[in-house]
Each structure stands twice: as structure tokens, then as C-alpha cells.
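All heavy atoms count here, side chains included; hydrogens, waters and symmetry mates do not.
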Amino acid sequence: MAAALDAARAAAERGEVPVGAVVLGPDGAVLAEAGNRTEELHDAAAHAEILALRAAASRLGSPRLPGCTLVVTLEPCAMCAAAAGLFRVSRVVFGAYDPKGGGVEHGARVFETQGALHRPEVIGGLRESEAAELLRAFFAVRR
């Protein structure tokens with residue numbers, strides 16, 4: 001989570017919503033990390049999770065990431081949760097819960113739907129207060 005929080009801080013410095021993601025290989029080694037880049041890339045889908053999952057898949061030379069863990073500072077939205085399922089990660093670990101936009105424990109609850117293609121293990125709330133504070137501080141300046 002420390003690396004994901006660092007990626008979130010770097011995203012905030014670029015003016016992006018401070019969300020960071022890391023993909024860990026089956027051995028726990030970092031395969032990829034990313035922060036949000038939606039503003040920079042003019043791409044609404046350039047969420048940290050998507051960017052990190054794509055980079056890890058590219059590094060491994062496979063569209064699937066079995067045995068891998070996606071670590072993200074904020075509960076993934078429905079799009080990112082669905083992507084984690086498509087990439088077949090074994091585990092999703094996140095920091096802050098997102099009652100408005102989350103797609104794992106809130107909202108669409110992607111992994112709980114009858115049609116879910118894959119159901120990874122989910123662990124929420126890891127370093128939750130630190131991750132939530134990054135977001136609060138970022139938006140406090142902008143509101």
C-alpha cells in the first residue's frame with residue numbers, strides 16, 4: 001500500500017485525483033504502479049487501476065494476471081472492478097471506501113453479481129484513514 005499511496009501523492013502533484021494503484025506478482029514483487037492520469041491523457045478511463053493492470057499484463061506478456069494482487073488507495077469504481085475481474089487478479093486490496101463511486105463494497109458490487117466472470121478475494125480498509133485524508137485534502141483545496 002505504501003507504493004500505491006506514493007503513486008496517489010504523485011498524481012495529486014500533477015493535478016489528478018489522488019488515487020494510486022500497484023500490481024503485485026504472485027511472489028509479492030511489484031509488477032507495475034500507476035496514479036490517475038485522466039486529465040493529463042484526456043482519457044476518462046485512465047484510472048490508476050486500469051493503467052497499472054495494463055502495464056503488469058504487458059510486463060508478463062499475458063492478458064491475465066492469476067496469482068496477482070491489485071492494491072489501490074480507493075475502492076475501485078465499477079469499471080476498474082470489472083477490469084480486475086477481466087484480468088483475473090486473485091486479490092483486490094484497497095484503502096479508502098467510496099460510498100458514492102465504489103463498485104466493490106458499494107454501488108454495483110461487481111464481484112457479487114450473478115454474471116461476474118471472476119470473483120477475487122477482496123480486502124478493504126488497508127491504511128484507510130491515510131488514503132481518505134489524501135482525497136479530503138485534495139478536494140478541500142478545490143471546493
Considering all heavy atoms, the nearest A96-A131 contact: N-CB, 3.8 Å
From L53 CG over to C68 SG, what is the distance, rounded to the nearest 0.5 angstrom? 9.0 Å
V104 to A81 - nearest heavy-atom pair and separation: CG2-CB, 3.9 Å
Tell me, please, which residues at least two apart from R136 pass salt bridge (Lys or Arg N to Asp or Glu O under 4.0 Å). E133
For residues 100-113, which residue pairs qualify under side-chain hydrogen bond (donor to acceptor under 3.5 Å, both in side chains), counting only residues two or more places apart or in two chains? E75-H106
Assigning hydrophobic clusters by single linkage (Ile, Leu, Val, Met, Phe, Trp, Tyr; side-chain heavy-atom cutoff under 4.5 Å), is V89 placed with V93? no
Tell me whether L5 shares a hydrophobic cluster with I123, the cluster being built from Ile, Leu, Val, Met, Phe, Trp, Tyr side chains joined at under 4.5 Å. yes
Which heavy-atom pair separates A83 from I50 by the least distance, and what is that distance? CB-CD1, 3.4 Å
When every non-hydrogen atom of A84 is compared with those of F111, the smallest separation belongs to CB-CZ, 4.3 Å
Residues in salt bridge (Lys or Arg N to Asp or Glu O under 4.0 Å) with E130, at least two apart? R9, R127
Residue pairs meeting ring pair (Phe, Tyr, Trp, His ring centres under 6.0 Å), one or both in residues 114-143, sequence neighbours left out, come to none
Does R14 have any salt bridge (Lys or Arg N to Asp or Glu O under 4.0 Å) partners at least two apart in sequence or in another chain, and if so, which? E40
Tell me, which pairs form a side-chain hydrogen bond (donor to acceptor under 3.5 Å, both in side chains) where one or both residues lie in residues 50-71, sequence neighbours left out? T69-R91
Could you report the tightest heavy-atom contact between P66 and S90, atom names first, then the distance? C-OG, 3.9 Å
When clusters are formed by joining ILVMFWY residues with side-chain heavy atoms under 4.5 Å apart, either directly or through shared neighbours, do V19 and V110 land in the same one? yes
Measuring from L74:CG to N36:CG, what's the distance to the nearest 0.5 Å? 8.5 Å
Nearest heavy-atom neighbours spanning A4 and V22: N-CG2, 3.5 Å
Checking R119 now: which residues fulfil salt bridge (Lys or Arg N to Asp or Glu O under 4.0 Å) with it, not counting sequence neighbours? none
Go through the structure and list residues passing side-chain hydrogen bond (donor to acceptor under 3.5 Å, both in side chains) with E16, not counting sequence neighbours. T38
According to side-chain contact (heavy atoms from CB on, under 4.5 Å), who are the partners of A56, at least two apart in sequence or on a separate chain? V23, L31, A32, L65
Could I get the full list of side-chain contact (heavy atoms from CB on, under 4.5 Å) partners for A21, not counting sequence neighbours? A48, E49, A52, L70, V72
Check side-chain contact (heavy atoms from CB on, under 4.5 Å) between A8 and all other residues, then give those that pass, not counting sequence neighbours. P18, T73, L134
Residue pairs fulfilling ring pair (Phe, Tyr, Trp, His ring centres under 6.0 Å) with at least one residue in residues 35-94, sequence neighbours excluded: F94-Y97
Spell out, yes or no, whether V30 and L126 are grouped together once hydrophobic residues are joined by side-chain heavy atoms under 4.5 Å, including indirect joins. yes
Is E39 close to V17 at the side-chain level, that is, under 4.5 Å between some pair of heavy atoms? no
